[in-house]
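All heavy atoms count here, side chains included; hydrogens, waters and symmetry mates do not. In what follows, chains are A, B, ... by sequence order, proteins preceding strands, each numbered from 1.
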Amino acid sequence: MDYNFHEIEKKWQKYWEDNNTFKTPEDLTNPRKCYILDMFPYPSGAGLHVGHPEGYTATDIFSRYKRMKGFNVLHPMGWDAFGLPAEQYAIQTGTHPSITTRNNCDTFRRQIKELGLSYDWEKEINTTDPKYFKWTQWIFIRLYNTWFDDKLQKGRPISELIIPNGIKKKEKVKYINSRRLAYYDNASVWWCPHCCTVCANEEVLNDGSHEKCGNRVEKRNLKQWMLRIPLYAERLLKGIDKLDWPEGIKDMQRNWIGRSTGAEVDFRIEGLNINLTVFTTRPDTLFGATYMVIAPEHPLIGSITTDEYKNSVNNYIKATSLKSDLDRTDLAKEKTGVFTGRYAINPVNRKQIPIWVADYVLTGYGTGAIMAVPAHDTRDFEFAQKFNLPIVCIQDPDVADPDQKKRILEGNECWTEDGKYINSSDKTTGIDINGLNKAAGVAQITRWLESKNLGTSKVNYKIRDWLFSRQRYWGEPFPVIHWEDGEVTVMNDDDLPLELPELENYLPGESGESPLSNSDEWLNITDKTGRKGRRETNTMPQWAGSCWYYLRFIDPKNDKLIFDKEKEKYWMPVDLYIGGAEHAVLHLLYSRFWHKVLFDLGIVSTDEPYQRLFNQGMILAFAYETESGSRVSGELVDEREGKYFQKETGAELKQIVAKMSKSLKNVVNPDDVTSKYGADSLRLYEMFMGPLDVTKPWDEKGVKGVFGFLGRAFRFLSNPENVFVGEEDAEILKGLHQTIKKVGWDIENLHFNTAISAMMIFLNLSTKKGKITTDTACTFTQILSPFAPHIAEELWQILGNNKTLAYEPWPDFNEEYLKEDSFNYPVSFNGKMRFNIELPVSLTKEEIIKIVLADERSQKWIGAAIPSNIIVVPNRIVNIVIKG
RNA sequence: GCCCGGAUGGUGGAAUGGUAGACACGCAGGACUUAAAAUCCUGUGACCAUUACGGUUGUGCGGGUUCAAGUCCCGCUCCGGGUACCA
């Protein structure tokens, strides 16, 4: 019988749909549950690309396998459908984004269904659906009404916030607002003039361009919604350790949070009654602090600067404010700065040190001021050299090179590693750390500072408040009203959702107002007392919907609650979460943050949302370049003897591997692959290409390979002449059970490429033998089914079964069949393999040595010499060591 | 600069410290066919032999540990990802 994949795939997709085969079990008593989640896609107008099915197939195989293992499986799909493209399209054509979104979702759903993925479509969600974003708004209200109790390291309802005595009524609101997890305030934010919206720091690329559109961004001062994610820094950091995530991703999150320990130290300012507080990770180097630097935006800059230096400092501030952040942070640029005319007192030795202003000190980190230790900090060293500030070495460096040592001791080279302190004592203050090493020095100085009330140990984090508003139309509206008397209120839960108004004009205002401000009717509101208010016109960023979608999947149609508590308790946490590494930090960190808040409020039962995470690698594609660098589409290329030529001109081309993109003319459309080879082949190829987590190039020739395998499998197993009832051949039986064992183990570890290879080996064995039993055929079909479900269902039916194999128990392997009575020993001499010898496994080491040495082939390698050592590793290797 | 990851045939890739190159692609030869496609069979790291059931060499480079290293350790090179004046 021919392998007619078109017919087979259509037939079984219809069967699964008609029978609701993959409906999530309602019964919550089965203790074996598995929540398997994909990072849901943004449904773009372009439809699916071959990168999508990679992760989806992986989770699908895992889901099908777990169902066969007897687990209750939750495996849903949905749409992260808010976002700019639909809005841009609305601006151009007037089509409402909801229409564009619906069409795109329809395309995605159709394409996904054609891949035979076993989602429970009753659980489908869409972030743009008011029934969904009602709850996104509901969570925002929770964030707004939560404060973080630092002592308990826990978020608590704002009603439990203790207001310090003596706070006046007006100050009280301010105080409360200063503690909310969500707050509204002026912020210096990145503004993209092209998109007319702000963007988060994370959305600005290294070169200062907007990630979404590629245009240059600029700073603006605007009123924005922010989330106090840094309050959860410690929790987010500690939580990482327990997670079964790739170490690389964990490190990225740790780096992003950026915890550093050190001390805050107060410096008295000469001639003023104020202190300048700095943060340092190296309080031990206080004796080497020869000057101080404050950021140009430092609040004390006005008071510190002396009259004489006002002009130059003001000019400097003006100059830096004109610089973009990009210019300021460009390391290649020379450091700049000016003297303020003022001096501070170094607390350890009472020495006067000058205070400078320089933009290499950032206002947003630490206290926005530093003590500069040029001898032991490369940035300070650079600055001191340029401005001829003193460089005092206070550590005898641990280096062997005497020349280098001399340079360091003389202050001509910077030393940031460990060493023994010198010049680090003072009689008047009574402190002395000379001779100590770094760890001891840090501890002693910190203790001394704390005892003298001059400083405290302190932990700082790089992570900043999360800019949470966008000047867009197509996003979740904030359930917030700004009243004419200045009060800000959030809506009642009962009044949610706050839906988006219909608009004629989707263009954002250049002033930083979202298109929502165009709708007067929606915008203006009056309360019972006649007080006028205006709705918040910003909308939430795209992250909002994806921050918690995994929770809604549990109970997507619940219109009373965000989800049923019992269901949440049963299904959470997500057992396997697969998606691209591009979300390593942002989505996963934001999502963890929200989850922890919900956990603190008792809304969810787990502290972390995603127990096991895996990142699939990107799929690249070959592209062809002419000598001049222009790109040639793959169809216009001839391959001859491993070289590539342009069909038209005959010119030789260079083959490169690159991201799929329109400009490279190397995009592969999954629909084309499916129509040519079928969904099972596409699935199998995506898994067979290589390990799931690495980037790998798409090669259509590889699809042919797995297509051939499926064809052979189908022709062999569907032919009654090959399948018989009776006793199975021992070799086949052994091969089958090896395959069961390997495939099961590989699926658990997401090693799909080697699982497929094992099945190929078994099929090759079977076809060589010519005949297998019906039992063997059925078992093989079962283990193939998670990978290539359509063909497996068809074969299952041909083999005489009458219902879906989706819930057939996964076959067990029998160790008995795997046992060998002999082993083909490789025999090596001095580690070099020379020949093989088949020996019974029951032999002792001595017996093995005897037989091997007696073998004539051994004589050739031993000759007249005497073996000095013979290593026998049972069932592995024999190694004979000969000296001389 | 710092943090991660990687480098294995013509290609994608296999290998709990134990026979490097499984499996697949490609290529070559053969069968079937009027022919092609499809399918099936055989061979295929390189080099040297080809009288062999032969030998040499080989996992980015240089050292080391070990009876034995693609795998472990030290020092590099190159490539990819993240991050960056974070005190």
Side-chain angles (χ1 to χ4, degrees), chain A residues 2 206 246-256 258-260 262 278-282 285 293 328-333 335 358-362 364-373 376-380 382-383 460-464 581-582 584-585 615 617-618 622 639 641-643 655 685 688-691 693-706 708-709 711-712 715 751 753-761 763-764 767-768 824-836 857 860 867-873 875-883:
Chain A
D2 260 356
N206 278 341
E247 281 308 316
I249 302 293
K250 291 196 193 180
D251 274 339
M252 279 167 72
Q253 292 222 343
R254 289 189 188 107
N255 290 339
W256 194 265
R259 184 184 205 269
S260 68
V278 301
F279 173 71
T280 175
T281 53
R282 294 290 306 272
T285 60
V293 185
R328 271 185 71 166
T329 57
D330 191 344
L331 275 171
K333 291 264 170 6
K335 292 199 167 30
D359 65 3
Y360 82 90
V361 171
L362 307 175
Y365 185 78
T367 62
I370 61 157
M371 64 179 212
V373 185
H376 305 287
D377 180 286
T378 51
R379 297 153 301 183
D380 298 342
E382 222 176 281
F383 191 83
N460 250 311
Y461 301 92
K462 268 198 279 189
I463 190 169
R464 309 289 170 79
E582 66 273 20
V585 179
N615 294 113
M618 216 187 327
F622 293 118
E639 187 189 343
E641 292 162 11
K643 289 183 177 172
Q655 188 189 53
Y685 175 59
F688 189 61
M689 287 170 89
D693 56 344
V694 305
T695 54
K696 44 214 171 255
W698 182 272
D699 186 359
E700 188 178 324
K701 287 171 194 152
V703 188
K704 275 189 197 164
V706 292
F709 163 69
R712 278 192 296 280
R715 284 188 298 273
H751 295 164
N753 55 332
T754 49
I756 293 166
S757 142
M759 291 188 284
M760 286 173 168
I761 292 169
L763 184 71
N764 290 346
T767 48
K768 205 170 227 168
N824 195 20
Y825 276 92
V827 180
S828 12
F829 295 82
N830 289 338
K832 276 191 182 146
M833 213 288 282
R834 294 305 180 181
F835 63 87
N836 286 95
R857 289 170 295 183
K860 182 175 170 186
S868 60
N869 193 8
I870 301 176
I871 285 106
V872 177
V873 184
N875 296 322
R876 273 221 192 268
I877 201 169
V878 176
N879 189 20
I880 298 166
V881 186
I882 303 157
K883 277 200 183 133

Participant: Looking at the side chain of Tyr360(A), which of A87(B), A22(B), C85(B) is the nearest nucleotide?
Facilitator: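 Nearest nucleotide to the side chain: C85(B).
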Participant: Please report, rounded to the nearest Å, how far the P atom of A84(B) is from the CD1 atom of Ile463(A).
Facilitator: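 So the CD1-P distance, Ile463(A) to A84(B), works out to 13 Å.
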Participant: Check every strand shown and say whether Arg712(A) touches a base, only sugar-phosphate, or nothing at a heavy-atom separation below 4.0 Å.
Facilitator: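 Arg712(A): backbone/sugar contact only, no base atoms under 4.0 Å.
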Participant: Given U83(B), A87(B), U19(B), identify the nucleotide with an atom nearest to the side chain of Met833(A).
Facilitator: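 The answer is U19(B).
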Participant: Side chain of Asn753(A) only, please: which of U19(B), A14(B), C85(B) is the nearest?
Facilitator: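 Given the options U19(B), A14(B), C85(B), the side chain of Asn753(A) is closest to A14(B).
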Participant: Excluding sequence neighbours, so at least two apart, what forms ring pair (Phe, Tyr, Trp, His ring centres under 6.0 Å) with Phe383(A)?
Facilitator: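 Phe383(A) satisfies ring pair (Phe, Tyr, Trp, His ring centres under 6.0 Å) with Tyr291(A), Trp356(A), Tyr360(A), Phe387(A) only.
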Participant: Taking all heavy atoms of Met371(A) and all of Arg282(A), pick out the closest pair and write down the distance.
Facilitator: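 In terms of heavy atoms, the two residues are closest at CE-O, 3.5 Å.
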Participant: So what does Arg715(A) touch, heavy atoms closer than 4.0 Å: a base, only the sugar-phosphate, or nothing?
Facilitator: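 Sugar-phosphate, backbone atoms only, no base.
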Participant: With sequence neighbours left out, write down each residue that passes salt bridge (charged side-chain N to carboxylate O under 4.0 Å, His left out) with Arg857(A), or none if nothing qualifies.
Facilitator: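 Listed in chain order: Asp855(A).
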Participant: Treating a pair as Watson-Crick (purine N1 to pyrimidine N3 plus N6-O4 or O6-N4) or G-U wobble (N1-O2 and O6-N3) with both distances under 3.5 Å, list the stems of 3 or more consecutive pairs that involve RNA chain B.
Facilitator: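 In RNA chain B, stems of three or more pairs: B:1-7 with B:77-83, B:10-12 with B:23-25, B:26-31 with B:39-44, B:45-48 with B:54-57, B:60-64 with B:72-76.
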Participant: From the set U19(B), G12(B), A87(B), return the single nucleotide nearest to any side-chain atom of Tyr365(A).
Facilitator: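 The answer is A87(B).
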Participant: Between U44(B) and A22(B), how far is it from one C1' atom to the other, in whole Å?
Facilitator: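 Roughly 15 Å separates the two C1' atoms.
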Participant: Less than 3.5 Å between a donor and an acceptor, one on the side chain of Asn879(A) and one on the base of C67(B), is that the case here?
Facilitator: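 Yes, the side chain and the base share a sub-3.5 Å donor-acceptor pair.
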Participant: If I pick the C1' atom on A20(B) and the same atom on A7(B), what distance separates them, to the nearest angstrom?
Facilitator: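 A7(B) and A20(B) have their C1' atoms separated by 16 Å.
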Participant: Select one nucleotide: of G13(B), G26(B), A87(B), the one nearest the side-chain heavy atoms of Val694(A).
Facilitator: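 Per side-chain heavy atoms of Val694(A), the pick is G13(B).
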Participant: Is Gly366(A) touching bases, backbone alone, or none of the nucleic acid, heavy atoms closer than 4.0 Å?
Facilitator: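 Contact class for Gly366(A): none.
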Participant: Look at all strands and tell whether Ser260(A) reaches a base, only sugar-phosphate, or nothing, counting heavy atoms closer than 4.0 Å.
Facilitator: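 Ser260(A): backbone/sugar contact only, no base atoms under 4.0 Å.
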Participant: Could you please name the option among A24(B), C67(B), U19(B) that lies closest to any side-chain atom of Ile877(A)?
Facilitator: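 Out of A24(B), C67(B), U19(B), the nucleotide with an atom closest to Ile877(A)'s side chain is U19(B).
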Participant: Would you classify G9(B) as syn or anti? Syn applies when the glycosidic angle is within 90° of 0.
Facilitator: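 Here G9(B) takes the syn form, which means its glycosidic angle is within 90° of 0.
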Participant: For the residue pair Lys462(A) and Trp256(A), establish whether any side-chain heavy-atom pair is separated by less than 4.5 Å.
Facilitator: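 Sidechains of Trp256(A) and Lys462(A): no contact.
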Participant: If you check the Lys335(A) side chain, which of A87(B), C85(B), C23(B) turns out closest?
Facilitator: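 Nearest to the side chain of Lys335(A) among the choices is C85(B).
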Participant: Tell me the interatomic distance from Trp698(A), atom CH2, to U11(B), atom P, rounded to whole angstroms.
Facilitator: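 Taking atom P of U11(B) as the reference, CH2 of Trp698(A) is at 21 Å.
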Participant: Please tell me which of the listed nucleotides, A14(B), U19(B), C3(B), lies nearest to the side chain of Asp251(A)?
Facilitator: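 Of A14(B), U19(B), C3(B), C3(B) is nearest to the side chain of Asp251(A).
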Participant: Sequence neighbours excluded, which residues qualify as ring pair (Phe, Tyr, Trp, His ring centres under 6.0 Å) partners of Tyr685(A)?
Facilitator: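 If we apply the ring pair (Phe, Tyr, Trp, His ring centres under 6.0 Å) test to Tyr685(A), skipping adjacent residues, the hits are Trp698(A).
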Participant: Considering every strand and a 4.0 Å limit on heavy-atom distances, what is the contact class for Val881(A): base, sugar-phosphate, or nothing?
Facilitator: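 Sugar-phosphate contact only.
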Participant: In this structure, how many angstroms lie between the P atom of G1(B) and the CG atom of Asn255(A), rounded?
Facilitator: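 The answer, rounded to whole Å, is 17 Å.
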Participant: Provide the distance between the two C1' atoms, one in G9(B) and one in C25(B), to the nearest whole Å.
Facilitator: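 Their C1' atoms lie roughly 13 Å apart.
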Participant: Could you encode protein contacts along nucleotides 43-58 of chain B as a string, one character per nucleotide from 5' to 3', using B for base contact, S for sugar-phosphate-only contact and - for no contact, with a heavy-atom cut-off of under 4.0 Å?
Facilitator: -----------SSSS-
Participant: Does any part of the side chain of Ser260(A), heavy atoms only, come nearer than 4.5 Å to the side chain of Tyr461(A), both counted from C-beta?
Facilitator: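 Contact flag for Tyr461(A)/Ser260(A) side chains = no.
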Participant: In whole Å, measure the gap between the C1' atoms of C67(B) and U19(B) for me.
Facilitator: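 Going atom to atom, C1' in each nucleotide, I get 16 Å.
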Participant: Specify the separation, in whole Å, of atom CE of Met759(A) and atom C1' of A24(B).
Facilitator: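 Rounded to whole Å, this separation is 13 Å.
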Participant: When you compare G17(B) with C73(B), how far apart are their P atoms, in angstrom units rounded to a whole number?
Facilitator: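 Straight-line distance between the two P atoms is 12 Å.
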Participant: Among C67(B), C23(B), C25(B), which nucleotide has an atom closest to any side-chain atom of Ile761(A)?
Facilitator: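 When the side chain of Ile761(A) is considered, C23(B) is the closest of C67(B), C23(B), C25(B).
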Participant: What distance, rounded to whole Å, do you find between the two C1' atoms, one in G10(B) and one in A46(B)?
Facilitator: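 So the two C1' atoms sit 12 Å from each other.
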Participant: If I pick the P atom on G70(B) and the same atom on G81(B), what distance separates them, to the nearest angstrom?
Facilitator: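 The same atom, P, in both gives a distance of 30 Å.
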Participant: Hey, which of these two, Pro691(A) or Asn836(A), hits RNA chain B nearer its 5' end, going by closest nucleotide?
Facilitator: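 Checking each residue's closest nucleotide, the 5'-ward one belongs to Pro691(A).
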Participant: Check the distance between A84(B)'s C1' and Trp256(A)'s CH2 and give it to me in whole angstrom.
Facilitator: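 Result: 11 Å.
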Participant: Whole-Å distance between C25(B) C1' and Tyr685(A) OH?
Facilitator: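 In whole Å, C25(B) C1' lies 9 Å from Tyr685(A) OH.
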Participant: Can you tell me if NZ on Lys704(A) sees more than 12 non-hydrogen neighbours from other groups inside 6.0 Å?
Facilitator: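 Atom NZ in Lys704(A) is not packed in, count stays at 12 or less.
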Participant: Could you tell me whether the side chain of Asn830(A) reaches within less than 4.5 Å of the side chain of Val881(A), counting heavy atoms only?
Facilitator: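 Yes. Closest side-chain heavy atoms under 4.5 Å.
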Participant: For the P atoms, the ones on G58(B) and on G21(B), what distance do you get once it is rounded to whole angstrom?
Facilitator: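 Per the computed distance, 16 Å lies between those P atoms.
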Participant: Please give, in whole Å, the distance from U11(B) C1' to Lys704(A) NZ?
Facilitator: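 Distance check: Lys704(A) NZ to U11(B) C1' gives 14 Å.
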Participant: Tell me whether Lys768(A) contacts the main-chain N or O of Leu763(A) through its side chain, where contact means a donor paired with an acceptor under 3.5 Å.
Facilitator: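 Between the backbone of Leu763(A) and the side chain of Lys768(A) there is no qualifying donor-acceptor contact (under 3.5 Å).
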Participant: Under 3.5 Å, is there a donor-acceptor pair between the side chain of Gln253(A) and the main chain of Ala584(A)?
Facilitator: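 The answer is yes, because a donor-acceptor pair under 3.5 Å joins these two groups.
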Participant: Would you kindly give the CG-to-P distance between Asp377(A) and C2(B), to the nearest whole Å?
Facilitator: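 Result: 15 Å.
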Participant: Of all residues at least two apart in sequence or in a different chain, which pass the salt bridge (charged side-chain N to carboxylate O under 4.0 Å, His left out) check with Asp380(A)?
Facilitator: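 Residues passing salt bridge (charged side-chain N to carboxylate O under 4.0 Å, His left out) with Asp380(A): none at all.
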Participant: Using a heavy-atom cut-off of under 4.0 Å over every strand shown, decide if Asn764(A) touches base, sugar-phosphate, or nothing.
Facilitator: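 Answer is sugar-phosphate: Asn764(A) comes under 4.0 Å of backbone atoms only.
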Participant: Among C23(B), G12(B), A87(B), find the nucleotide with the atom closest to the side chain of Leu362(A).
Facilitator: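 The answer is A87(B).
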Participant: What is the nucleic acid contact for Phe688(A), judged by heavy atoms within less than 4.0 Å: base, sugar-phosphate only, or nothing?
Facilitator: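 Base contact.
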Participant: Which is more 5' along RNA chain B, the nucleotide nearest Gly831(A) or the one nearest Val873(A)? Just name the residue.
Facilitator: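 Between the two, 5'-proximity favours Val873(A).
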Participant: Is Tyr825(A) reaching over with its side chain to a backbone N or O of Asn875(A), donor-acceptor style, under 3.5 angstrom?
Facilitator: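 Pair found, side chain donor or acceptor close to backbone of Asn875(A).
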Participant: Mark yes when over 12 heavy atoms from residues, nucleotides or ligands other than Asp2(A) sit less than 6.0 Å from its CG; otherwise mark no.
Facilitator: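 No.
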